[in-house]
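Side chains are part of it too, since the values below use all heavy atoms of this structure and drop only hydrogens, waters and symmetry mates.
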Amino acid sequence: FGNSYWGALAGYASENVRISDITVTDSTLTGYSKLPQVNSNTLAIGGIIGHGCADISNCTVSDTVSLTGYASKFSTYIHLGGIAGQTDSFTDNTFSGETDIAVTNCVFSGTITASDSDGYPALVRSGGITGYANIPISNCINSGTINIDTCDSGTVVGGIVGYGDS
């Protein structure tokens, strides 16, 4: 409860989903979280998916793509990524013969912006490929721009991954 997920293909992609060979161009995704905070409130925005446990490969988000997350007094986390806002692992992977999921061979060349429009800074995790990653990222390229107009003491920004967790 309290989470908002935004993506050009899907807001949320559940376990055992494989996403490949998707291209997103000339689009705008803007998320504004106004849900009341329970334990935490995450706004996750990505050029392909907002949040998920999916295997993502050979995807491109380019040209005039803009991803924007606005913090409100109810936002705790904003995860912004050119491909995925937040990626998580899971323990029961049933892909035939595969044991791991990852983000591989993906490219981002748009613009990512985080803003505290209500004057309430959130903890921002932003990266050119994924904002928050709990899965491997490999052979990915970011040539996009990341703008952070809000800053909490724990805000992290990276060219590929904003915040990596094991």
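Nearest heavy-atom pair, Gly82 versus Val61, reported as atom, atom and distance to 0.1 Å: O-CG2, 3.4 Å. When all heavy atoms are compared, the tightest approach of His51 to Ala44 is CB-CB, 4.3 Å. For the residue pair Ser109 and Ser62, the shortest heavy atom distance occurs at OG-CB, 3.2 Å. For Ile112 against Ser126, the heavy-atom pair with the smallest separation is CG2-OG, 3.4 Å. Heavy-atom minimum distance, Gly164 versus Val161: N-CG1, 3.8 Å.
Distance CD1/Ile160 to SG/Cys106: 10.5 Å, rounded to 0.5 Å. Atom CG of Asn134 sits about 9.5 Å away from atom OH of Tyr163, to the nearest 0.5 Å. Taking OG from Ser20 and CD1 from Ile22, the interatomic distance works out to 7.0 Å, rounded to the nearest 0.5 Å. With rounding to the nearest 0.5 Å, the separation of CD1 in Ile146 from CZ in Phe108 is 7.5 Å. How far OG1 of Thr113 is from CG of Leu80: 8.5 Å, rounded to the nearest 0.5 Å. Considering CD1 of Ile45 and OH of Tyr5, their distance stands at 12.5 Å, rounded to 0.5 Å.
Cys140 places none of its side-chain heavy atoms less than 4.5 Å from the side chain of Val107. Under the 4.5 Å side-chain criterion, counting only non-hydrogen atoms from C-beta, Thr104 is not in contact with Ile56. Side chains of Ile48 and Ile19 form a contact here, defined as non-hydrogen atoms less than 4.5 Å apart. Two residues are said to be in side-chain contact when any heavy atoms from C-beta on lie closer than 4.5 Å; Ile78 and Leu123 fail this criterion. Here the side chains of Asp88 and Ile135 are not in contact, with every heavy-atom distance at 4.5 Å or above. A 4.5 Å side-chain heavy-atom check between Thr42 and Gln86 finds at least one atom pair inside the cut-off.
Asn142 places no side-chain N or O within 3.5 Å of a backbone atom of Ile129 that could act as its donor or acceptor partner. Asp55 places a side-chain N or O within donor-acceptor distance of the main-chain N or O of Ala102, the cut-off being under 3.5 Å.
Judged as a side-chain contact (heavy atoms from CB on, under 4.5 Å), and not counting sequence neighbours, the contacts of Thr145 are Thr111, Asn147.
The side-chain tip of Arg125 does not point at the ring of Tyr132 from less than 6.0 angstrom away and within 45° of straight on.
No path of Ile, Leu, Val, Met, Phe, Trp and Tyr side chains, each step under 4.5 Å between heavy atoms, connects Tyr12 with Trp6, placing them in separate hydrophobic clusters. Under the 4.5 Å side-chain contact rule for hydrophobic residues, Val17 and Leu9 share a cluster.
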